[in-house]
Amino acid sequence: MILFAVSEEKVFCKQNKAAFKTEFFSETDTEELSCGIKFSSKDFNTVLGLRDLKLEETRFHADKKNLNAAVQIGSVFYLGNLSFSDSISRLKNPLLYVSSPLKNSIYLTPGIKCSLPQYNGSPKPLSAAIVFSNVEFAATEENEFFFNLHKSIPSIGKKSSINLTCGIFRHKKDFKTAWFNEYKFYKEAGFLCGSAEFNMHSKYFETSIVTGASENPFGGFFYYTSSQNSLILNCFRLNFSLYQGDEDLITASGTHTKTKRQIEINPQFIRKFKNGVFKTGILFHGKFKTGKNEYTSKAGINLQTAAFNLTAAGFCSFKTEDQFFEYGANLSFLKKTRFTSWNTKFSYKNEKIIKNTYSLSGTLNLNLNLRPEFSASITAIEKQGEMKYKFYSSASVQKKTRNLTANFRITYDFVAIP
């Protein structure tokens with residue numbers, strides 16, 4: 001399939017990728033070797049990829065091939081297996097996510113952000129989009145339609161905007177997707193969803209407000225609203241967020257949120273000094289349903305200097321519905337020198353007392369002519385006395401010329417069960 005985008009004034013291009021995969025299987029272990037190559041220039045953008053198809057009777061099979069090109073002209077037209085995010089993602093999932101205790105400013109990026117597919121991404125339906133400076137339209141082969149209008153308002157803050165989004169989204173609930181009969185069944189159809197967003201950032205206060213509606217397949221509309229705010233006073237930052245909506249809300253993706261309220265509070269202390277920044281914070285998040293509440297708490301600390309970046313964090317969460325309890329911690333260390341940059345991460349997670357997950361990963365970048373990068377990780381999963389190990393490694397190089405950038409990456413991963 002050939003995918004392209006056409007414009008009128010100037011040509012703009014990002015990248016070109018080609019990827020090849022092979023897979024090897026045994027009864028207990030799974031190995032996968034993949035490699036890819038990418039070309040970029042300032043005048044042309046194209047993506048070429050191969051996806052393999054797992055079949056028991058074969059070890060390698062070509063499944064998916066994509067060629068994409070994008071050319072920009074003031075306004076830009078896209079055609080292909082496109083992905084949409086930002087405002088569209090928030091229509092499909094309007095709930096607040098449990099954020100980091102060290103999170104920075106909150107800003108809801110306006111627009112529908114049309115993206116060309118990656119060689120290793122999941123297949124998307126054929127779609128088309130046209131993007132102007134403040135207006136965006138899109139449609140897919142599944143008869144879904146999106147519209148977005150956004151505008152910056154610099155006069156009321158250093159980074160303020162309004163954002164209006166609406167669309168027709170197709171979804172259904174049938175025996176395959178709801179075989180427990182927890183929800184009523186309805187046939188596939190197009191349902192209207194829309195939202196209005198407002199961002200305002202000033203020196204001492206930041207806010208992002210969302211109000212949305214989603215059509216009820218059985219008549220009428222569901223409604224929801226959310227507000228994410230920050231109060232900044234010298235070394236102190238207080239983030240506080242609230243979500244309120246119909247508990248039976250069915251989103252643009254056909255998902256039942258089963259949530260009527262969320263509350264999050266996140267106080268932070270930030271201290272800047274001559275060569276770096278010290279930050280610490282705690283977070284409390286509550287998700288409320290009818291008799292099925294979820295509570296999460298997090299704590300984190302970060303020290304960043306010109307030479308290194310150290311972060312440590314821990315969390316615990318509890319669900320009243322099934323008395324589910326989990327906790328964990330993670331540690332990361334980033335070190336930079338004149339010729340190298342390496343990052344090491346360790347994490348631990350316990351679920352329901354019976355499952356433990358340990359993970360260790362590292363990445364090394366060399367500031368040489370080909371800019372080589374090496375990364376590796378190992379994950380150990382212990383559940384009811386049984387162990388499973390996952391290994392991953394990759395290596396990449398990059399070569400730049402005046403008008404062309406070439407990247408090559410090879411990865412290898414496997415799962416082992418003793």
Side-chain angles (χ1 to χ4, degrees), residues 75-76 83-115 129-138 146-167 169 192-214 221-246 249 251-253 257 259 261-268 270 277 279 281 283-287:
S75 61
V76 58
S83 299
F84 303 96
S85 56
D86 291 342
S87 297
I88 299 299
S89 297
R90 292 191 288 272
L91 282 176
K92 293 184 176 181
N93 182 16
L95 296 179
L96 303 175
Y97 65 92
V98 183
S99 51
S100 165
L102 304 174
K103 68 179 179 182
N104 295 317
S105 298
I106 302 164
Y107 186 78
L108 303 179
T109 306
I112 61 177
K113 193 178 180 180
C114 173
S115 303
I130 183 167
V131 178
F132 300 94
S133 57
N134 296 318
V135 181
E136 303 176 29
F137 302 89
F146 315 137
F147 167 78
N148 176 265
L149 172 66
H150 56 273
K151 178 66 176 177
S152 298
I153 316 174
S155 59
I156 63 172
K158 61 180 182 181
K159 191 177 182 181
S160 302
S161 66
I162 56 173
N163 182 42
L164 304 176
T165 308
C166 65
F169 300 83
L192 178 65
C193 297
S195 68
E197 301 176 351
F198 172 71
N199 289 291
M200 194 276 286
H201 281 208
S202 64
K203 183 177 181 180
Y204 300 107
F205 183 72
E206 301 171 355
T207 185
S208 292
I209 301 172
V210 180
T211 298
S214 180
F221 282 84
F222 297 113
Y223 300 95
Y224 62 89
T225 184
S226 65
S227 175
Q228 302 179 66
N229 313 278
S230 293
L231 179 65
I232 305 103
L233 296 173
N234 295 327
C235 298
F236 180 75
R237 170 187 285 268
L238 177 62
N239 300 319
F240 52 99
S241 304
L242 174 67
Y243 167 87
Q244 183 74 40
D246 291 322
L249 169 67
T251 70
S253 62
T257 60
T259 301
R261 186 178 300 110
Q262 289 177 284
I263 299 175
E264 183 175 283
I265 301 175
N266 172 217
Q268 297 181 22
I270 305 168
V277 178
K279 180 188 293 188
L283 179 143
F284 303 96
H285 184 103
K287 186 176 183 180

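The model shown is predicted, which means the values in this text are computed figures rather than measured ones.
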Kindly determine whether Thr251 and Phe169 satisfy side chain to side chain contact (heavy atoms under 4.5 Å, CB included), including the steps that lead there.
CA-CA 9 Å; Thr251 70; Phe169 300 83; over 6 Å; no

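- At least one side-chain heavy atom of Leu283 sits less than 4.5 Å from a side-chain heavy atom of Glu264.
- The minimum heavy-atom distance linking Leu242 with Arg261 is given by the pair CD1-CG, 4.2 Å.
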(message) One pair to check against side chain to side chain contact (heavy atoms under 4.5 Å, CB included): Ile263 and Phe240. What are the steps and the verdict?
(response) CA-CA 8 Å; Ile263 299 175; Phe240 52 99; over 6 Å; no

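- Contact between Asn239 and Gln268 at its shortest, heavy atoms only, is ND2-NE2, 3.2 Å.
- Side chains of Phe236 and Pro267 form a contact here, defined as non-hydrogen atoms less than 4.5 Å apart.
- In this structure, the separation between CD1 on Ile112 and CZ on Phe146 is 7.5 Å, given to the nearest 0.5 Å.
- A heavy-atom distance below 4.5 Å is found between the side chains of Thr207 and Ser227.
- Of all the heavy atoms in Tyr224 and Ala213, the pair that sits closest is CE2-N, 3.9 Å.
- Note on ring orientation: taking the six-membered ring where Trp is involved, the planes of Phe132 and Phe137 are perpendicular (angle over 60°, cut-offs 30° and 60°).
- A distance of 7.5 Å separates CZ in Phe205 from CG in Leu231, rounded to the nearest 0.5 Å.
- Taken from CD in Gln244 to OG1 in Thr225, the straight-line distance is 9.0 Å, to the nearest 0.5 Å.
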**OP:** Begin with the C-alpha distance, continue with both residues' side-chain angles, and end with the deciding distance and a verdict on side chain to side chain contact (heavy atoms under 4.5 Å, CB included) for Gln228 and Leu108.
**Re:** CA-CA 10 Å; Gln228 302 179 66; Leu108 303 179; 3.9 Å; yes

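- Without hydrogens or angle criteria, His201 side chain to Ile106 main chain gives a donor-acceptor distance under 3.5 Å.
- Inter-residue side-chain proximity for Asp86 and Pro110 is flagged as unmet; no heavy-atom pair is nearer than 4.5 Å.
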Report task. Using the side chain to side chain contact (heavy atoms under 4.5 Å, CB included) rule, take Leu238 and Ile265 through it: C-alpha gap first, then chi angles, then the decisive distance, then the call. Result -> CA-CA 7 Å; Leu238 177 62; Ile265 301 175; 4.1 Å; yes

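- You'll find the side chain of Glu136 stays beyond 4.5 Å of the side chain of Lys113, heavy atoms only.
- Between Asn104 atom CG and Arg237 atom CZ the span is 6.5 Å, to the nearest 0.5 Å.
- Using a 4.5 Å cut-off on side-chain heavy atoms (C-beta onward), Glu206 and Asn199 make no contact.
- Annotation: the span from Ile209 atom CD1 to Glu197 atom CD amounts to 11.0 Å, rounded to 0.5 Å.
- Here the side chains of Ser161 and Tyr107 are in contact, with some heavy-atom distance below 4.5 Å.
- Residues Asn163 and Thr165 are in side-chain contact: their nearest non-hydrogen atoms beyond the backbone lie under 4.5 Å apart.
- In terms of heavy-atom proximity, Leu96 sits nearest to Ser226 at CD2-CB, 4.3 Å.
- To the nearest 0.5 Å, atom OG of residue Ser87 and atom CG of residue Leu149 are 10.5 Å apart.
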